[in-house]
Visitor: 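Below: one structure in structure tokens.
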Amino acid sequence: MQYPKLELIAEGKTKRLWSTTDDKLVIAEYSDDAMLYHAKQKVYFAGKGHYCAEIDSLLMKQLYANNIPTHYVDRIEENCLLVKKAEMIPIEVVIRNYAAGSMCNRLGIEHGKKLKSPVLEFCYKNDKLNDPVINEYHVYAMELCTPEELSVMCYQASRINKVLTSLMAEIGVLVADFKLEFGRVNGRLVVADEISPNVSRFWDKNTMHRFEREGDPSYEYQVILSRLKKVCAGER
Ligand code: ATP
């Protein structure tokens, strides 16, 4: 079935959301001109939306295969995914396996240090406030979600971390950290938004840095996508 984009219902830093003829489904259109989540810097290259949509769809399918509910329905264009419309919970769940970025600044931990155990952080999703770090007391006081929902989010986040780290280990990639968002679909929590290099630090295990090639901002996305395609197709 064809799903034309009807009305623009939301526009964020990396995606546009469009309504469809089915009020339970929306189209997530990935932009080429996107903000890198961690560095908060603009990265542009032609085809970025396509790489992110394809990486995201491969990863969402892996979660589904591991019985983790997501909003993903189908990839309908190079840079567009059909997803279930969710009532988004305004919390970003950050999962960290290695110290990097704001964690080092806040806690004085050396960049690149492998953490003894994974760290889960919550951030209040609010661009004007710069998505501040919060804890569960803030979550309940601000009524961002229920205690039951928060415990499902934490449980699923650590399951996703296991799935993602073992999948990425097969392709020589360390999952230093990544961000998840959840939403309610028919009262049930699902993983929504995206999982891609836009919202993750995926490091080359040999260098402990992003995959980099001078003058080619698409390199990291190309490497991760081509390796993921092979592993997801069963070529190991
Ligand atoms: P970031 O998530 O990196 O902070 P952003 O908040 O600017 O970026 P985008 O990632 O561009 O937003 O996405 C646009 C909006 O779509 C976000 O508000 C996101 O929460 C929302 N969204 C993602 N998935 C769904 C979904 N399945 N249903 C409804 N809204 C969704």
Visitor: Does OH in Y64 sit with more than 12 non-hydrogen atoms of other residues, nucleotides or ligands closer than 6.0 Å?
Guide: no

Visitor: If two hydrophobic side chains count as joined below 4.5 Å and joins carry through other members, does F122 share a cluster with Y137?
Guide: no

Visitor: Do you reckon L107 sits in the same ILVMFWY cluster as V119, going by side-chain contacts under 4.5 Å, direct or chained?
Guide: yes

Visitor: Indicate if I91 and Y155 have the same hydrophobic cluster label, given that clusters are the connected sets of ILVMFWY residues with side-chain heavy-atom separations under 4.5 angstrom.
Guide: no

Visitor: Per the side-chain hydrogen bond (donor to acceptor under 3.5 Å, both in side chains) rule, which among N79, D56, D193 passes with K15?
Guide: D193

Visitor: Please determine whether the number of non-hydrogen atoms from other residues, nucleotides or ligands lying under 6.0 Å from atom CZ of R106 exceeds 12.
Guide: yes

Visitor: With a 4.5 Å limit on heavy-atom distance, are the side chains of V94 and C123 in contact?
Guide: yes

Visitor: Connecting only ILVMFWY residues whose side-chain heavy atoms lie within less than 4.5 Å of each other, what is the rest of V185's hydrophobic cluster?
Guide: V190

Visitor: Salt bridge (charged side-chain N to carboxylate O under 4.0 Å, His left out) with R75: which residues, sequence neighbours excluded?
Guide: E54

Visitor: Run R201 and R210 through side-chain contact (heavy atoms from CB on, under 4.5 Å) and show every step you take.
Guide: CA-CA 7 Å; R201 285 192 177 90; R210 286 182 179 275; 4.1 Å; yes

Visitor: In sequence, state the C-alpha distance, the side-chain angles, and the governing distance for I95 and L180, and then conclude on side-chain contact (heavy atoms from CB on, under 4.5 Å).
Guide: CA-CA 8 Å; I95 300 94; L180 295 169; 3.6 Å; yes

Visitor: Pairs under 3.5 angstrom only: tabulate donor-acceptor contacts from the side chains of residues 82-90 to other protein residues two or more places apart or in another chain.
Guide:
from: E87; atom 1: OE2; to: R184; atom 2: NH1; distance (Å): 2.8

Visitor: Is any side-chain heavy atom of E212 less than 4.5 Å from a side-chain heavy atom of E220?
Guide: no

Visitor: Could you grab the distance from atom CG of L58 to atom SG of C232, nearest 0.5 Å is fine?
Guide: 5.0 Å

Visitor: Is it true that atom CG of N135 has more than 12 heavy atoms of other residues, nucleotides or ligands lying nearer than 6.0 Å?
Guide: yes

Visitor: Less than 4.5 Å apart, any side-chain heavy atom of Y221 and any of N198?
Guide: yes

Visitor: Are the side chains of D177 and Y98 in touch, meaning some heavy atoms are under 4.5 Å apart?
Guide: no

Visitor: Could you state the interatomic distance from OG1 (T70) to CZ (F182), rounded to the nearest 0.5 Å?
Guide: 11.0 Å

Visitor: Report yes if some heavy atom in the side chain of V191 is under 4.5 Å from a heavy atom in the side chain of M60; otherwise report no.
Guide: yes

Visitor: Does the side chain of I160 come within less than 4.5 Å of F178's, by heavy atoms?
Guide: yes

Visitor: Report yes if some heavy atom in the side chain of S196 is under 4.5 Å from a heavy atom in the side chain of L59; otherwise report no.
Guide: no

Visitor: Calculate, to the nearest 0.5 Å, the distance between atoms CG and CG belonging to L17 and L8 respectively.
Guide: 8.0 Å

Visitor: So, taking the atom named CD1 in I224 and the one named CE in M168, what distance separates them when rounded to the nearest 0.5 Å?
Guide: 5.5 Å

Visitor: In Å and rounded to the nearest 0.5 Å, what is the CG to NE2 distance from L174 to H209?
Guide: 11.5 Å

Visitor: Identify whether L228 and V175 are in the same connected component of the hydrophobic contact network (ILVMFWY, side-chain heavy atoms under 4.5 Å).
Guide: yes

Visitor: Look at the side-chain heavy atoms of Ile, Leu, Val, Met, Phe, Trp and Tyr, link any pair under 4.5 Å apart, and say whether V93 and M142 land in one connected group.
Guide: yes

Visitor: Side chains of Y124 and H138: does their closest heavy-atom pair fall under 4.5 Å?
Guide: no

